2 protein chains.
Amino acid sequence: MAQKKIKPIGTRKAKSDIRNKIFDFKREQILEVSERLFYHRGFQATTLDIIAEELGVTKPFIYYHFKNKRSILLHLLERTMGKYHDVFAGVDVESGKPEVILKDLVQRFTLVVIETRVSTAMFWRDEKDLPLDRKEKIRDMKRDVDNKLTRVIERGIDDGIFDVKDPKMASLCVAGMVTWTYTWYQADGRSTPDEIADRMTEYVLNMVGIRK
Amino acid sequence: MAQKKIKPIGTRKAKSDIRNKIFDFKREQILEVSERLFYHRGFQATTLDIIAEELGVTKPFIYYHFKNKRSILLHLLERTMGKYHDVFAGVDVESGKPEVILKDLVQRFTLVVIETRVSTAMFWRDEKDLPLDRKEKIRDMKRDVDNKLTRVIERGIDDGIFDVKDPKMASLCVAGMVTWTYTWYQADGRSTPDEIADRMTEYVLNMVGIRK
DNA sequence: ATTAAATTATACTTTATAGTATATTTTTTA
DNA sequence: TAAAAAATATACTATAAAGTATAATTTAAT
């Protein structure tokens, strides 16, 4: 028998609104718990039994909602990728004042790092557990961010507003200091995300030697 | 029988110089191969069979030289910790010109990150696979670096040489941009470690608003 | 050269965990 | 309310990988 049971994973028929909402809610719960556990213990070290126990269900419950362990990670990272994409896609680095664009980029960037700090940490730690094509998508995204930063810094230099050498490396440094936030941000810390983002923009503008 | 066989792991009797050197060399080889594999595949995903195969030996060979898998990771990180320690221990942040000290700190910091980029990556990825006391040692080291940076930035502000808000956060940002180097540095890239370190110090001094 | 010690391999055990076949319960539909 | 479908659990299999008992081999000591 070559036929396999088809599980209602992913897209499902629109039957009853409420039932679909319940289904989605369950998936959501699985994702939330998994994210927390993956973050604290790492992907490999987090067993499905632990996730199940944490949810108060059994393993097949999870397999009913997700194809396998890896697909849970995939969903989490895919979603975070989406947030990064939304944040950066809207910024046009080719027009407008460079100092304004750079400030905007860093501000948005910082806020999304803080918002997604748990899965952002996973980008840098559990990336290797992803299939090749996803790894490449992540790389592309990173490159896109770096390129946008580089471009706007270059424009600022051309306009004589910024004074900094090697815009490419400067971008990597900006990306570094912003991304690094995921390692030290504390929700109960003394600064709010907005305050941090503001400071971050000051530092970056200083760094690129903005003409005051 | 409560007696257990005692394996010659770690410290050994000084019998013959050449033999000890061979022994150390083998441990060294195991560490090198393991480091490369841990880096590329992650600690958990690297099996001892893979390490053994890569070395062209069998598993008991490795167990003869190391207590277990974790102790290999431990040795690698311990050694890297030592390098970080050596680099920072020599710097006195309480005396001398702040701009000189900061420059020196960033320079050393950048070079050691590049030199130890493989195991530095492991600090941030496989830390959770360490026993608690080691994790704490690593945290302490990080804190020490941040504190040194903070202190020197504060001194610079007091002296009216630097102009930057929130020295604590500035330090975290400096640590971030420097550490981040491990993600993008390429041995065959267009810049040498020294060039990168020099650029990095320029960026940092700009960032803290040095009076030129 | 013979014995003892050190080193390495063969072949095994144990354990943990991803994943599944099947039964049971719950919910929906007619 | 009976039948069908969906959702969840019980109890299992398969497998990978850490770690080890023991044998074989190599090296050193007398």
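The chains referred to below are lettered A, B, ... by the order of the sequence lines, with proteins before strands, and numbering in each begins at 1. Not measured: the values here are computed from a predicted model.
- Here the nucleotide nearest the side chain of Lys26(B), chosen from dA6(D), dA17(D), dT7(C), is dT7(C).
- When each of Asp49(B) and Ile22(B) is assigned the nucleotide of DNA chain D with its nearest heavy atom, Asp49(B) is the one assigned upstream, toward the 5' end.
- Atom CZ of Arg19(A) and atom P of dT27(C) are 10 Å apart (whole Å).
- The base of dA18(D) is paired with the side chain of Lys59(B) by a donor and an acceptor separated by under 3.5 Å.
- The pair Arg79(B)-Glu35(B) does not count as a salt bridge, with every side-chain nitrogen at least 4.0 angstrom from each carboxylate oxygen.
- Atom P of nucleotide dT8(C) and atom CZ of Phe66(B) are separated by 13 Å, given to the nearest angstrom.
- Separating the CD atom of Gln44(B) from the C1' atom of dA17(D) is a distance of 11 Å, rounded to the nearest angstrom.
- Within 4.0 Å of Thr47(A), counting heavy atoms only, lie sugar-phosphate atoms of the nucleic acid but no base atom.
- Between the P atom of dA16(C) and the NZ atom of Lys69(B) lies a distance of 15 Å, rounded to the nearest Å.
- Remark: Arg125(A) fails to qualify as a cation-pi partner of Phe43(A) under the 6.0 Å distance and 45° angle criteria applied to the six-membered ring.
- Counting only heavy atoms from C-beta on, Phe23(B) has its side chain closest to dT7(C) among dT7(C), dA18(C), dT20(D).
- Phe61(B) places its CZ atom 19 Å from the C1' atom of dT22(D), with the value rounded to the nearest Å.
- Comparing dA18(D), dA9(D), dT10(C) against the side chain of Pro60(B) picks out dT10(C) as the nearest.
- Between dT8(C) and Tyr64(B), no contact under 4.0 Å exists linking OP1 or OP2 to a side-chain N or O.
- In this structure, the nucleotide among dT8(D), dG19(D), dT28(C) sitting nearest to the side chain of His65(A) is dT8(D).
- Comparing dG19(D), dA18(C), dA9(C) by their nearest atom to the side chain of Val57(B) picks out dA9(C).
- Rounded to an integer number of Å, the gap from CD1 of Ile18(B) to P of dA6(C) is 18 Å.
- Screening Trp124(B), Trp180(B), Tyr182(B) for a ring-ring contact (aromatic ring centres under 6.0 Å, His included) involving Trp124(A) leaves a single residue, Trp180(B).
- To the nearest angstrom, C1' of dA7(D) lies 20 Å from NZ of Lys21(A).
- As rounded to whole Å, 17 Å separates atom C1' of dT8(C) from atom CD of Glu53(B).
- The side chain of Arg70(B) places no N or O atom within less than 4.0 Å of a non-bridging phosphate oxygen (OP1 or OP2) of dA18(D).
- Proximity of a side-chain donor or acceptor of Tyr203(A) to a complementary backbone N or O of Val204(B) within less than 3.5 Å is not detected.
- Judged purely by distance below 3.5 Å, without hydrogens or angles, the side chains of Asp194(B) and Gln107(B) never pair a donor atom with an acceptor atom.
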